[in-house]
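These notes concern the structure reproduced below.
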Protein chains: 2
Amino acid sequence: MVAKRGSPGDVRLLVRIAQLYYRMHLSQAQIGEQLGLSRFAVGRLLDRALDESIVRIEVVHPAARLVDLEDRLVERFGLAAALVADVPAAASSEAADDLARDAVAELAADFLAQRRPTGVIGVSWGRTMLAVARRLPQGWTSAAAVVQLNGAASRSNQPTRVGEILERFASTSGASFHGIAAPAIVGSAALRDALVNDPAIRETIDLARSATSAVFGLGIPAADSPHLASGFVDEAEQARLRSMGAAGDVIGRFLDDNGVIVWPELDARTVGLSLADLAQKPLRMGIAAGAGRGPIALAAIRAGILSVIACDESTAEWVLVHG
Amino acid sequence: MVAKRGSPGDVRLLVRIAQLYYRMHLSQAQIGEQLGLSRFAVGRLLDRALDESIVRIEVVHPAARLVDLEDRLVERFGLAAALVADVPAAASSEAADDLARDAVAELAADFLAQRRPTGVIGVSWGRTMLAVARRLPQGWTSAAAVVQLNGAASRSNQPTRVGEILERFASTSGASFHGIAAPAIVGSAALRDALVNDPAIRETIDLARSATSAVFGLGIPAADSPHLASGFVDEAEQARLRSMGAAGDVIGRFLDDNGVIVWPELDARTVGLSLADLAQKPLRMGIAAGAGRGPIALAAIRAGILSVIACDESTAEWVLVHG
DNA sequence: CGTTCGCATACTCATATGAGCACCTCGATA
DNA sequence: TATCGAGGTGCTCATATGAGTATGCGAACG
């Protein structure tokens with residue numbers, strides 16, 4: 001049915017073989033028999049059909065995009081894993097943020113349940129962490145202790161719900177839990193030092209330092225950020241923080257686009273584990289859900305704080321485009 | 001990276017596995033190792049990805065359409081083979097016919113060269129057969145003899161070139177050649193019988209009867225048909241032939257849409273092999289190139305005259321739609 | 001002419017894959 | 001509560017496939 005190499009008829013043979021193999025599911029040997037070729041020739045021609053793209057094999061499911069983004073994040077930034085959530089479109093940006101948070105939290109909780117980290121697990125707080133905590137299945141792991149990574153008590157009227165987060169992480173895994181009874185950011189470095197030297201708080205931070213896993217949200221410096229709204233950072237300071245180029249915060253510590261502490265004096269007033277200590281942990285999962293999280297996600301990656309990122313599709317794309 | 005069966009996360013796993021297997025070319029065992037699954041599970045999930053069409057494997061080359069048409073012709077009509085040519089678009093319909101003829105002739109010649117029929121080969125004549133003859137490569141086969149299947153001498157001013165056709169078939173294969181020195185259609189059944197009983201002609205027709213392969217064009221009853229223009233079929237008879245529903249002719253014998261001899265009296269005036277004898281041969285290739293050949297192609301198929309059809313794309317489609 | 005090179009071929013052998021089977025787990029049902 | 005059945009699992013074993021290698025054929029070259 002065919003003749004000269006390189007002639008049009010040649011392509012016909014490739015097409016015919018490809019059809020027999022991929023559509024009719026004949027074996028290469030059968031095809032060879034039928035067409036008077038050795039099975040080796042058929043195999044080689046099949047290879048050729050593949051790289052002359054006469055045959056196309058593609059993963060067509062919409063989720064393939066996401067898996068692709070994950071692969072690229074892992075590859076580009078040397079992460080241990082990346083989780084990119086499929087975020088359904090939503091009308092208002094607030095509703096979209098809620099959906100994104102839920103989707104990302106679902107992925108993060110699934111990941112944790114599959115990984116089953118043991119020993120001491122450090123957690124931050126925030127809406128995203130709450131969403132994760134609420135999705136942890138009973139018995140998701142058998143950790144020894146769950147410990148808060150940074151301060152949370154707030155003078156504002158926004159409850160941080162850090163208690164529920166810790167309680168859920170602990171009760172679903174059978175671990176004990178340990179909160180930090182202090183604000184995220186206080187009024188002076190001296191006060192911070194005093195708090196951190198308080199035996200109870202110091203003990204908890206030491207425990208956080210010993211944690212081998214950490215799970216934390218990546219925040220942005222919006223006016224409603226619980227960290228800024230704690231009451232110890234006044235409006236002028238908030239404005240200054242933003243004007244200095246703060247991309248967002250990781251466990252209460254604000255970074256610029258390159259992952260450098262943006263305002264060391266403010267950082268000196270922040271209660272909790274240091275980023276250097278955080279970056280030592282084998283498993284450190286940062287979660288970024290919602291619009292505008294690209295910069296802080298990239299900053300955290302650049303600072304080497306993340307080994308695993310969980311985020312939504314648009315954040316992943318932002319990071320890949322700008323990183 | 002995944003959790004519950006049937007959940008969205010499930011699809012993620014399929015997608016991930018599909019990517020690793022088809023894009024990264026990892027083995028199923030490697031994938032299993034990496035994802036903590038047995039290689040059997042991976043294989044089964046790959047199957048699922050295939051039939052949930054998360055993975056699509058398709059033959060994308062334009063020629064695939066043609067191969068598909070060929071397969072359907074073979075399948076539907078129980079042919080031994082079908083050759084469908086890719087006909088480039090052309091401005092005028094006459095130019096299109098020329099291109100179609102060339103493309104189909106190329107395929108037919110390739111097919112013959114690959115099949116290498118031996119023994120006695122019967123051929124008809126016409127523009128298409130000439131195009132085939134001109135494309136036979138030197139030494140395409142080692143036949144013993146090439147014999148004309150039906151009469152050709154004509155009173156019209158159109159040369160039939162049957163001599164060149166026979167000569168090319170023979171000289172490229174080392175065979176002897178045997179023409180029929182008589183018109184295609186004569187004025188009366190008595191004259192036909194007389195001719196056929198002439199020793200020289202009878203001998204040739206006997207030889208044609210003994211041929212194991214036959215290659216012939218499928219004609220249409222147009223005014224310029226060499227059969228009709230032979231001068232022994234007058235205009236009134238031509239009109240009558242068409243009004244009786246002649247779809248076209250095979251070796252000078254006109255069939256209706258169902259493959260039945262349309263006008264027995266005319267057939268009795270036709271010089272050459274009978275269709276019954278033709279239908280006995282193991283290899284009988286009919287060639288139909290150009291517009292309007294659908295009906296005669298289908299008629300020949302229905303009459304069981306063809307074991308191999310060579311035609312252009314539109315003819316193939318017509319036959320499949322109407323058959 | 002004879003030589004050599006390049007490329008396609010057909011082989012052997014190791015590996016990857018698929019079919020069939022026995023088992024197990026879990027939820028539904030009597 | 002006991003039993004059953006549908007799915008899912010991992011096995012063995014036969015088969016299909018691919019890597020690597022030696023051979024052969026024809027074209028280009030001296």
Side-chain angles (χ1 to χ4, degrees), chain A residues 1-59 110 113-114 116 137-140 142, chain B residues 1-59 110 113-116 136-142 172:
Chain A
M1 215 136 308
V2 97
K4 323 158 200 71
R5 290 289 114 204
S7 81
D10 200 23
V11 169
R12 307 287 296 264
L13 178 60
L14 296 188
V15 169
R16 161 138 265 125
I17 290 177
Q19 299 242 345
L20 290 171
Y21 190 72
Y22 290 110
R23 199 184 290 285
M24 317 262 64
H25 302 290
L26 300 187
S27 75
Q28 298 183 0
Q30 285 176 299
I31 296 170
E33 200 171 335
Q34 187 170 322
L35 269 57
L37 297 165
S38 73
R39 71 179 187 82
F40 306 100
V42 174
R44 274 190 297 269
L45 291 169
L46 236 18
D47 286 348
R48 247 181 70 202
L50 222 43
D51 62 45
E52 290 183 21
S53 43
I54 282 166
V55 173
R56 184 167 59 201
I57 300 183
E58 54 182 347
V59 181
D110 282 356
Q114 197 193 333
R116 300 186 68 82
Q138 197 52 239
W140 65 280
S142 52
Chain B
M1 215 138 304
V2 99
K4 323 160 199 68
R5 288 291 114 201
S7 80
D10 200 25
V11 168
R12 306 288 296 266
L13 179 59
L14 296 188
V15 169
R16 162 136 263 127
I17 290 177
Q19 300 245 354
L20 291 171
Y21 190 73
Y22 290 109
R23 198 183 291 286
M24 318 262 69
H25 302 289
L26 300 187
S27 75
Q28 298 183 1
Q30 284 176 300
I31 296 170
E33 201 170 336
Q34 187 171 322
L35 270 55
L37 297 165
S38 73
R39 72 178 185 82
F40 308 99
V42 174
R44 273 189 283 262
L45 290 169
L46 236 19
D47 285 348
R48 247 181 71 200
L50 223 42
D51 62 43
E52 291 183 21
S53 45
I54 282 167
V55 173
R56 182 168 58 201
I57 300 183
E58 54 182 347
V59 180
D110 282 356
Q114 198 194 334
R115 176 67 75 97
R116 301 184 69 79
L136 290 172
Q138 196 52 240
W140 65 279
T141 189
S142 52
T172 50

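Residue numbering restarts at 1 for every chain, and letters A, B, ... go by the order of the sequence lines. Bear in mind the structure is a predicted one, so any value in this text is a computation, not a measurement.
Remark: P of C/dG18 and NE2 of A/His25 are 11 Å apart, rounded to the nearest angstrom. Rounded to whole Å, atom P of C/dG18 lies 13 Å from atom CG of B/Asp51. To the nearest angstrom, C1' of D/dT23 lies 14 Å from CZ of A/Phe40. D/dT9 atom C1' lies 14 Å from atom CZ of B/Arg48, rounded to whole Å. Rounded to whole Å, atom C1' of C/dA16 lies 13 Å from atom CG of B/Leu26. Atom pair A/Ile31:CD1 and D/dT17:C1' shows a separation of 12 Å (rounding to whole Å applied). Counting to the nearest Å, the C1' atom of D/dT9 and the CG atom of B/Leu35 are 17 Å from each other.
The base of D/dG10 sits with one of its N or O atoms less than 3.5 Å from a complementary donor or acceptor on the side chain of B/Arg44. One N or O donor and one acceptor, one from the side chain of A/Arg39 and one from the base of D/dG18, sit under 3.5 Å apart.
Between A/Gln30 and D/dA16, a side-chain N or O to OP1/OP2 separation shorter than 4.0 Å is absent. Residue B/Tyr21 has a polar side-chain atom (N or O) positioned under 4.0 Å from OP1 or OP2 of C/dT17. Proximity of B/Gln28 to the phosphate of C/dT15: no side-chain N or O atom is located under 4.0 Å from OP1 or OP2. For C/dT9, the OP1/OP2 oxygens have no side-chain nitrogen or oxygen of A/Ser38 closer than 4.0 Å.
Within a 6.0 Å radius of CD in B/Glu58, other residues, nucleotides and ligands contribute more than 12 heavy atoms. For CD of B/Glu52, the number of neighbouring non-hydrogen atoms (other residues, nucleotides, ligands) closer than 6.0 Å is greater than 12.
Checking D/dT12, D/dT17, C/dT17 against the side-chain heavy atoms of B/Ser27 singles out C/dT17 as nearest.
Of all the heavy atoms in A/Val55 and A/Ala18, the pair that sits closest is CG2-CB, 3.3 Å. Here the shortest heavy-atom pairing between A/Arg116 and A/Trp140 reads NH1-O, 2.9 Å.
Checked against A/Val42 for a side-chain contact (heavy atoms from CB on, under 4.5 Å), the options A/Asp47, A/Leu26, A/Ile31 give a single hit: A/Ile31.
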